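One structure is given here, and the rest of the page talks about it.
All values below come from the heavy atoms of this structure, side chains included, with hydrogens, waters and symmetry mates left out. Bear in mind the structure is a predicted one, so any value in this text is a computation, not a measurement.
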Amino acid sequence: MAGWDPIRKLVAEEIAQSAGEGCDVTGFAGRLAAAQTDVEVMGVYEGLKKLRPMEGYPYVEPDDLDAIMAEAPKGRAGVLARIKEAFAGKGEDEVRERIRGAWVSRCVGCALGKPLETKGFMYTLDGSMGCDNAYKWFKGADAYPVAGYVPAESRAEALYGLRVNDVGSLRGRIECMEQDDDVMYTVYGLLMMERHNGSFDRWDVGRMWHRLLPYGNVCVSETQAYLNFANVTSHTEERPADFGDRAEYVRRHLNPMREGVGARIRADSYAYAAAGDPELAATLAYRDATFSCTRNGVYAAMMAAAMISAAFATDDPREAVEAGLAFVPERSRLCEAVRLAVSYAEEADGQMGLLRKVWAAFNRYPCVHAVNNTALCAAALVYGRGDYDLTLSTAVLGGWDTDCNGATVGSVLGAMLSEGGVPVKWKAPLNDTLYAGLIGFHPISIRECADRGFGTWRRLRSGRAS
């Protein structure tokens with residue numbers, strides 16, 4: 001993992017990442033194998049940094065916000081106009097209930113996926129797809145189709161050697177939303193909006209991370225960005241005049257997971273604050289995402305924020321997905337993957353058949369990459385057609401980053417259904433309590449977080465109106 005792994009491993013992962021970005025990495029693996037010292041390994045890395053996509057690379061994946069918007073689907077205006085018109089009729093009480101629904105449902109999805117966030121389900125194991133292993137676990141516990149949390153025991157352990165995480169989110173043990181980065185970041189986003197009311201940039205993100213987040217609680221691309229930010233700011237409390245240049249170092253240096261799913265799981269509180277305004281939600285998510293991610297890692301955050309924001313206005317999951325795609329460059333790997341996954345969902349005649357197709361199509365990406373995980377989320381939303389159990393279980397059974405995907409899809413569902421529409425069997429075990437690992441939020445009422453999130457929506461809306 002970036003931030004923790006030896007330099008040699010990070011550079012090996014950088015070779016794969018650079019290849020995915022369309023660069024010619026011929027010879028770099030051999031150079032890395034021949035390198036004897038860390039200095040020589042860094043020499044290989046410096047060579048990788050100079051690479052650019054090869055001529056004929058079919059994807060166009062900018063990092064600048066204006067360029068991203070210019071590359072977005074041309075038909076985006078129509079879906080955004082429909083969302084804006086539909087949201088115009090929502091009163092404050094309804095918005096509050098929808099934000100409450102989004103918060104508790106995000107916690108539900110995270111709790112459902114958390115026990116499965118381990119190698120048997122995130123990866124192919126002994127030739128068996130992660131999605132098939134998840135199915136085997138539930139089936140072996142006589143709990144398929146999925147209609148509740150993950151059972152602690154299953155015949156799949158003896159038959160296939162599978163094990164779930166021994167956590168407090170297992171069925172029969174749940175008393176709250178236990179500590180997890182997927183809720184930690186939702187709280188962090190709430191605090192960003194309370195502090196800055198939407199007027200923040202990458203410097204503010206870094207400062208907030210260093211104030212709030214213990215290094216051991218961040219994962220994947222975030223660990224390296226956290227460390228890189230410390231390297232460029234340890235000598236000052238003030239924003240350096242050249243921080244714009246340093247910000248690129250923060251998100252890129254020795255960070256081969258810069259297209260990971262981390263920025264996407266930070267997007268929700270921005271969507272709640274920009275409920276009914278997908279463009280504003282995507283813009284806020286962009287500012288946050290570019291602290292640690294590039295390209296598809298950024299697009300996934302923008303897409304998630306826009307989907308969730310749109311869900312406050314529409315009860316059609318397909319329309320919410322299209323609102324999300326309105327902020328994804330049309331010629332990007334993410335857009336291509338999401339559209340393919342959606343086509344699978346529209347044609348699917350069964351849950352597991354769909355998940356096997358999605359897994360086979362996208363398992364070439366790392367298990368925490370933004371492309372495969374976000375495509376899975378889109379497929380789950382379209383396939384589930386608003387059915388809570390079916391949609392949420394499709395996202396989690398799909399494998400890869402199970403709790404992240406459950407949380408994102410849960411957030412969309414909760415925003416659509418409102419708090420009252422989230423089934424009691426899912427939300428009651430959480431006892432309206434979450435532990436975020438942050439001072440003042442360990443524990444805290446989920447509803448209190450939601451009501452503070454509603455306050456950020458009111459303040460942001462008031463600022464736009466003035």
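- The side-chain hydrogen bond (donor to acceptor under 3.5 Å, both in side chains) test applied to Arg195 returns no partner, not counting sequence neighbours.
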Pairs under 3.5 angstrom only: tabulate donor-acceptor contacts from the side chains of residues 110-118 to other protein residues two or more places apart or in another chain.
residue: Lys114; atom: NZ; partner: Gln179; partner atom: O; Å: 3.4
residue: Lys114; atom: NZ; partner: Asp180; partner atom: OD2; Å: 2.7

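- Ring geometry, His442 versus Tyr435: the interplanar angle exceeds 60°, so the pair is classed perpendicular (tilted spans 30 to 60°).
- Looking at Arg96 and Asp93, a side-chain N of the basic residue comes within less than 4.0 Å of a carboxylate O on the acidic one, giving a salt bridge.
- Between Asp401 and Arg264 no salt bridge is recorded (no basic side-chain N to carboxylate O distance below 4.0 Å).
- Salt bridge annotation for Arg100-Glu97: present, with a cationic side-chain nitrogen under 4.0 angstrom from a carboxylate oxygen.
- With contacts defined as side-chain heavy-atom distances shorter than 4.5 Å, the pair Tyr226/His210 qualifies.
- Annotation: side-chain hydrogen bond (donor to acceptor under 3.5 Å, both in side chains) contacts of Asn165 (sequence neighbours excluded): none.
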Under the salt bridge (Lys or Arg N to Asp or Glu O under 4.0 Å) criterion, do Glu322 and Arg339 qualify, and how do the steps go? CA-CA 10 Å; Glu322 285 299 321; Arg339 292 210 181 279; 3.3 Å; yes
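- Applying the side-chain hydrogen bond (donor to acceptor under 3.5 Å, both in side chains) test to Trp209 and every residue at least two apart in sequence or in another chain returns Tyr188.
- Between Phe291 and Phe200, a ring centre-to-centre spacing not shorter than 6.0 Å is recorded.
- A tilted orientation is assigned to the rings of Trp426 and Tyr388, their planes being inclined by 30° to 60°.
- Ring pair Phe243/Phe229 is perpendicular by interplanar angle, where above 60° counts as perpendicular and below 30° as parallel.
- Shown here are the side-chain hydrogen bond (donor to acceptor under 3.5 Å, both in side chains) partners of Asn363, two or more places apart in sequence or in another chain: Thr124, Trp400.
- Sorted by first then second residue, the salt bridge (Lys or Arg N to Asp or Glu O under 4.0 Å) pairs that include residues 404-426, not counting sequence neighbours, are Asp389-Lys425, Glu419-Arg447.
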